[in-house]
Amino acid sequence: QVQLVESGGGLVQSGDSLRLSCSASIATFAYCAMAWFRQAPGKEREFVAAIDWRTFNTYYTDSVKGRFTISRENAEKTVYLQMNSLKPDDTAVYYCAAAFLYSGSNYYTASEYGYWGQGTQVTVSS
């Protein structure tokens, strides 16, 4: 089975930093576009960041540009999300997602990803 396991979430104060990790069990990790989505209570799942498997191009939603950085270590089968200058609006469950051999350009769309982790809670207090 494909397993994506997020870790690194927690309770922090506004302005603090967190680094989320997503460990994948799949041998084909290097061939997957990887992304982070988040879902706050009462809101739809929202795209946060993505990194392509071939070009390593990165994509971010406007609200996190300049604050969040997505990266990957293929040898470790892990994708990271470094989150700096956290705000209360960043509070959400953060989900890792993977799209095997992704050849499209709709990195922002949840339906493009076939594999999802269980999520890790990030709570940012004022």
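- Of all non-hydrogen atoms in C96 and V79, the two that sit nearest each other are SG-CG1, 3.7 Å.
- Around the CD atom of Q13, the shell of radius 6.0 Å holds no more than 12 heavy atoms that belong to other residues, nucleotides or ligands.
- Hydrophobic cluster membership is shared by W36 and V124, with clusters built from Ile, Leu, Val, Met, Phe, Trp and Tyr side chains linked at under 4.5 angstrom.
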Please output the side-chain donor-acceptor pairs of residues 18-32 that fall under 3.5 Å, not counting sequence neighbours, one pair per line with the distance.
residue	atom	partner	partner atom	Å
S25	OG	Q1	O	3.3
S25	OG	Q3	N	2.8

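- Residue Y108 holds its OH atom at 11.0 Å from CZ of F37, rounded to the nearest 0.5 Å.
- At distances below 3.5 Å, not a single donor-acceptor pair connects side-chain atoms of T69 with backbone N or O atoms of Q82.
- Of all non-hydrogen atoms in W53 and R72, the two that sit nearest each other are CA-NH1, 3.5 Å.
- In this structure, CZ on F47 lies 10.5 Å from CG on D62, to the nearest 0.5 angstrom.
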Which donor-acceptor pairs under 3.5 Å do side chains of residues 110-119 form with protein atoms, sequence neighbours excluded?
residue	atom	partner	partner atom	Å
E112	OE1	Y102	OH	2.5
Y113	OH	Y107	O	2.8
W116	NE1	Y113	O	3.2
Q118	NE2	E6	O	3.3
Q118	NE2	E6	OE1	3.3

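- A single hydrophobic cluster is not seen to contain both Y80 and M34; linkage of ILVMFWY side chains at heavy-atom distances under 4.5 Å, directly or through other members, places them apart.
- Remark: D90 does not engage K87 in a salt bridge, criterion side-chain N to carboxylate O under 4.0 Å.
- V5 and V48 fall into different hydrophobic clusters, defined by Ile, Leu, Val, Met, Phe, Trp and Tyr side-chain heavy atoms under 4.5 Å apart, directly or through other members.
- The structure places OG1 of T61 at 7.0 Å from CZ of R38, a figure rounded to the nearest 0.5 Å.
- For the pair S85 and R67, the tightest heavy-atom approach, listed with the atom from each and the gap, is O-NH1, 3.0 Å.
- Rounding to the nearest 0.5 Å places CD of E46 at 8.0 Å from OH of Y94.
- Considering all non-hydrogen atoms of both residues, G9 and T120 come closest at N-OG1, 3.2 Å.
- Using modelled atom types, no side-chain atom of T123 and backbone atom of T91 make a donor-acceptor pair closer than 3.5 Å.
- Shortest non-hydrogen contact noted between A40 and A92 is N-CB, 3.8 Å.
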One pair to check against side chain to side chain contact (heavy atoms under 4.5 Å, CB included): F68 and T58. What are the steps and the verdict? CA-CA 11 Å; F68 291 10; T58 57; over 6 Å; no
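- Taking every heavy atom of both residues into account, S14 and P88 meet most closely at OG-CD, 3.9 Å.
- In this structure, Y59 contributes its side chain and D52 its backbone to no donor-acceptor pair below 3.5 Å.
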